[in-house]
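Counting starts at 1 for both ligands and their atoms, following the listed order.
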Amino acid sequence: MRKKIVAGNWKMNNDLAQTETLITSLKKQTNTSNAEVMIAPTFTNLWQAYQTLKDNAIEVIAQNMHFADNGAFTGEISGGMLKSIGINTVILGHSERREYFNETDELLAKKVDTALAKGMRVIFCFGEVLADRKSGNHENVVESQIKNALFHLDAAAFQNIVLAYEPVWAIGTGETASPEQAQDMHAFIRKTLDSKYGDIVAEDVSILYGGSVKPANAQEIFSKPDVDGGLIGGAALNADDFFAIVNAF
Ligand SMILES: O=C[C@H](O)COP(=O)(O)O
């Protein structure tokens, strides 16, 4: 069964004190929707966030992880380390990881494998840049990102995969994909999954939209039949805005 999910990706924002303040505000909010709510603080604040929220319905998730279990990878964090502090979900393939840290589909396939082998849930991100959208190549780009990183998996693996379509031109720019553009791409993503795995997988996978989702536009985007939620950046840094988006369902 497809789930509704709203996940806040805090990116490299909020030190420990700011994290505690924001979580205190989040705990005062009421979820009147049927959406699962997640937040992804920075690594240094995951433990504190998890401890503060472990009796709350808000799930604390990670923004990234390495594919190896351990070893000489200075500055990296493994899935086992995340699991050991109670983190069961990880965002992989965010466009900022792809752009600034050279993460390729091939690398992401290895990260996905490791996360799934650890029993973790993956929020797998992908999306086209503006030039691809302008040239009409956006569906080809998204199709190859999905195929290259995920199509080695078996159908059962998709029970622990959430997809997040994030057109790069809409991230942090204030320019949102129109609800129709989001719907069209989400429907295309289901068609792509259907071609390999059949309609049960295609219909059951949750597909989130990310890119300048705000309280003012969330309801219209979430009203589209193939949009199952959002991956929220800037607006997730304010508790009122974030829960206005959660409650837009
Ligand atoms: O992970 C979140 C996305 O990059 C969207 O960020 P944004 O809501 O600030 O555009």
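Both the backbone and the side chain of L231 come within contact range of ligand 1, each with a heavy atom under 4.0 Å.
Residue contact check for ligand 1: K11 places a non-hydrogen atom closer than 4.0 Å to it. In this structure, S95 does not count as a contact residue of ligand 1, since none of its heavy atoms falls inside 4.0 Å of the ligand. Remark: distances from the non-hydrogen atoms of A235 to ligand 1 are all 4.0 Å or more.
Annotation: T173 places no N or O atom under 3.5 Å from an N or O atom of ligand 1; distance criterion only. By the 3.5 Å distance cut-off applied to N or O atoms, E96 is not counted among the residues near ligand 1. The distance criterion of under 3.5 Å between nitrogen or oxygen atoms is met by G233 with respect to ligand 1. For ligand 1, one of its N or O atoms has an N or O atom of H94 under 3.5 Å away. At under 3.5 Å, a nitrogen or oxygen of G234, whether backbone or side chain, sits near a nitrogen or oxygen of ligand 1.
Between Y165 and F126, the ring planes lie tilted relative to each other; the angle falls in the 30° to 60° range.
Near G211, with a cut-off below 4.0 Å to any heavy atom, the atoms of ligand 1 are 5 (C), 10 (O). Atoms of ligand 1 found under 4.0 Å from any heavy atom of A170, numbered from 1 in the order shown, are 10 (O).
A distance below 6.0 Å separates the ring centres of Y197 and F151.
With F67 as the aromatic partner, K110 meets the cation-pi criteria of under 6.0 angstrom to the ring centre and within 45 degrees of the ring axis.
Between E59 and K54 there is no salt bridge, since no side-chain nitrogen of the basic residue lies less than 4.0 Å from a carboxylate oxygen of the acidic one.
For E76, the CD atom sits in a packed shell: over 12 heavy atoms of surrounding residues, nucleotides or ligands are nearer than 6.0 Å. More than 12 non-hydrogen atoms from other residues, nucleotides or ligands lie less than 6.0 angstrom from CD1 of I85.
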- [ ] Check the pair T19, N14 against side-chain hydrogen bond (donor to acceptor under 3.5 Å, both in side chains), reporting the backbone distance first and the verdict last.
- [x] CA-CA 5 Å; T19 296; N14 291 332; 5.0 Å; no
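Although no hydrogens or angles enter the test, the distance criterion places a donor-acceptor pair under 3.5 Å between the side chain of R98 and the main chain of C125.
E166 OE2, 2.9 Å is the protein heavy atom nearest to atom 3 (C) of ligand 1.
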